[in-house]
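Protein chains get the first letters and strands the later ones, always in sequence-line order, with residue 1 at the start of each.
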Amino acid sequence: MSKELTSRATDYSQWYNDLVIKGELADYSAVRGCMVIKPYGYALWENMRDQLDKMFKETGHVNAYFPLFVPKSLFEAEEKNAEGFAKECAVVTHYRLKNDPNNKGKLIVDPEAKLEEELVIRPTSEAIIWNTYKSWIQSYRDLPILVNQWANVVRWEMRTRLFLRTAEFLWQEGHTAHATKEEAIEETKKMLEVYATFVEEYMAVPVIKGVKTANERFAGAEDTYCIEALMQDGKALQAGTSHFLGQNFAKAFDVQFLNKENKQEYVWATSWGVSTRLIGALIMAHSDDQGLIMPPRIAPLQVVIVPIYKGEESKPVIDEKVSTLVKDLKALGISVKYDNSENARPGWKFAEYELKGVPVRVALGLRDIENNVVELARRDTKEKSSVSIDGLATYIKNLLEEIQQNIFNRALAFRNENIREANTWDEFVDLLDNKAGFVAAHWDGNPETEEKIKEQTKATIRCIPLDNKQESGKCILTGNPSSQRVLFARAY
RNA sequence: CGGGAUGUAGCGUAGCCCGGUUAUCGCGCCUGGUUUGGGACCAGGAGGUCGCAAGUUCGAAUCUUGCCAUCCCGACCA
């Protein structure tokens, strides 16, 4: 029919695009590399955002908002950070358009309106924020500063993909300032935990917590902690990062404070972020050839009710039964939609809500009402069952939790099955080519070795897992001694 | 940004090689009616700058050039 999906086996990338577009999460826009997030997709983002925001606030953070524009002189202050992002910055050079004298009805950039100093559209906000923090911080009593902002950023990527890599994306970025190194590191790790908890418990996507190697580190960071997830095609996806920035930004922006001993010290910093990319992770971790599968806890819609009408006289009977159910579900905090639109028949609706990944579908007609039951279909397993109307709302509430657990367990089993150890180079290459997933292998700790492995296999070190088991071995490429395995994978 | 492919109505397409009436078909959309337990049926109807811009030609969806967009593969990246 009209919404035929490409199967994962046929073309994984096309399948992903089909889900995003036909599932009405987002669409391409008139702007290169930028997407329109549609209401269904935005509702998902709102649920994710609201939960994260709550978790940030529970850990003592507050929200603020900083400008979209960063004066070039500020942007270049922290050299490594500026260098890291320089190649993908959009830059504002003028502030006015005027009528084109040679082409009626068209506009041109007014050459008279050139800015004294170019404005970089933020690819990340460390620069503008640390420039601001300078005026906020004088004493140790002003610390810590625990600020988060929800914002859009722009990174002029060469090759974009819906949600996974768009030129403009939505995210949150936390920027904290601390009096001591220990406190900053603790904050970095704490936020990594918040991300891991959110992604696993709400998005039902299992993650590996780890630390990045120097090559993969955020530009300007001393250490980058990350959570890595595994997609169904065996590729890894970085789902969130938390950076310990040391005193790099404090020094670049001269942010010092007077400590208890009346001595000037540079402030210690962290930054951490997750973006709309998480939606890409969600899609690729759970969905199937019939469409999206939304984890109940953040699903834009948790329950859909489809009436099976038989003749005009059945409508008021069914509608009345449903209105009670809707009220019961809402009382339990469950989002529900009664789709009694008459322009689509039940079969069409079933397929549509499966495509959109609504966790639970309730169908009922006169036949069911006579028997005091409904037909309940769960999206994760596609199982259908007949369930009593008595206590149905509570039953569904429990079922939603069961679905949440089930899709997490399923993704966890898949992830665990796809972490394999390689002890030789041939084994390593064979696993990457034929099995995908993570490969745990010894590495000598040398960035050049890492680079060579990347050149030869396209696999990168996703992370060195936290609490990694220490075992001596030999680097798969060089044979040099190694004290632990690291996780390699091909990644998005 | 380099290599490859594609672009015809909201979606999927035929026509293009070999230029020539009113651009094909299906889905969707609108109106009316009958329907409704896995993507309904009948009747009538609307919808097109053939990606955009030049060029060749009496005439361009069709030939030429440039540009744009999307997808795949690379490089880069969250």
A:F218 and A:H243 aromatic ring geometry - parallel, tilted or perpendicular at 30°/60° bounds: parallel

Cation-aromatic face contact A:R361/A:F350, 6.0 Å, 45 degrees: yes

Rounded distance in Å between the P positions of B:C52 and B:G45: 29 Å

Nearest-angstrom distance from the residue atom CG of A:D27 to P of B:U70: 12 Å

Validation row, ring centre A:F428 to ring centre A:W443 under 6.0 Å: no

All stems with RNA chain B, defined as three or more consecutive Watson-Crick or G-U pairs under 3.5 Å: B:1-7 with B:68-74, B:10-12 with B:25-27, B:29-34 with B:40-45, B:51-55 with B:63-67

Interatomic distance, A:K22 NZ vs B:G28 C1' [rounded to whole Å]: 13 Å

Atom P, compared across B:A61 and B:C71: separation rounded to whole Å: 28 Å

Exceeds 12 heavy-atom contacts within 6.0 angstrom, atom NZ of A:K315: yes

Gap in Å between the two C1' atoms, one belonging to B:C67 and one to B:G28, rounded: 32 Å

Nucleotides 71-78 of chain B: protein proximity per nucleotide (B base, S sugar-phosphate only, - neither; heavy atom, under 4.0 Å): SSBBBBBB

Geometric class of the A:F198/A:Y202 ring pair [parallel <30°, tilted 30-60°, perpendicular >60°]: parallel

Length of the CD-P vector between A:E342 and B:C41, whole Å: 18 Å

Under-3.5 Å N/O pairs linking protein and nucleotides 66-68 of chain B:
none

B:U31 and B:C73, which share atom name C1', separated by this distance in whole Å: 50 Å

Span that lies between the P atom of B:C76 and that of B:A9, in whole angstrom: 38 Å

Could you give the side-chain donor-acceptor pairs of residues 36-48 of chain A under 3.5 Å, partners two or more places apart or in another chain?
| unit_1 | atom_1 | unit_2 | atom_2 | d |
| --- | --- | --- | --- | --- |
| A:Y40 | OH | A:K356 | O | 2.5 |
| A:N47 | ND2 | A:I298 | O | 3.1 |
| A:N47 | ND2 | A:A299 | O | 3.2 |

Carboxylate-amine/guanidinium contact A:D53 A:K57, below 4.0 Å: yes

Donor-acceptor pair (no angle test) under 3.5 Å: A:K384 side chain, B:G38 base: yes

P-based separation of B:C27 from B:C41 [nearest Å]: 8 Å

Dump every N/O contact between nucleotides 48-52 of chain B and the protein below 3.5 Å, one line per pair.
none

Sugar-phosphate only, base, or nothing, as touched by A:K315 at under 4.0 Å among non-hydrogen atoms: base

Nucleotide of B:G38, B:G39, B:U36 approaching A:K310 most closely (side-chain heavy atoms): B:U36

For A:R122, salt bridge (charged side-chain N to carboxylate O under 4.0 Å, His left out) partners two or more places apart: none

NZ/NE/NH1/NH2 to OD/OE distance under 4.0 Å, A:E186 and A:K190: no

Side-chain donor/acceptor contact of A:K349 with base of B:U36 under 3.5 Å: no

P atoms of B:U62 and B:G37, separation to the nearest Å: 47 Å

Distance (rounded to the nearest 0.5 Å) between A:E168 CD and A:L68 CG: 8.5 Å

Side-chain ion pair, A:R378 and A:D380, N-O less than 4.0 Å: yes

A:D288/A:R379 ion pair, N-O < 4.0 Å: yes

Nearest-0.5 Å distance that lies between atom CH2 in A:W150 and atom CZ in A:R49: 7.0 Å

Between C1' of B:G39 and CD1 of A:I308, the distance in whole Å: 13 Å

Atom-pair distance (CG on A:N371; C1' on B:G37), nearest Å: 13 Å

Rounded distance in Å - CD (A:E375) to P (B:U36): 17 Å

Separation of atom CH2 in A:W348 from atom P in B:C11, rounded to whole Å: 16 Å

Rounded P spacing from B:G47 to B:A69 in Å: 31 Å

A:E312 CD - B:G33 P separation (whole Å): 11 Å

Candidate nucleotides B:U36, B:G37, B:G39, ranked by approach to the side chain of A:A363 - the nearest: B:G37

A:D433/A:K458 salt bridge by N-O under 4.0 Å criterion: no

Neighbour count >12 (heavy atoms, 6.0 Å) for atom NZ, A:K349: yes

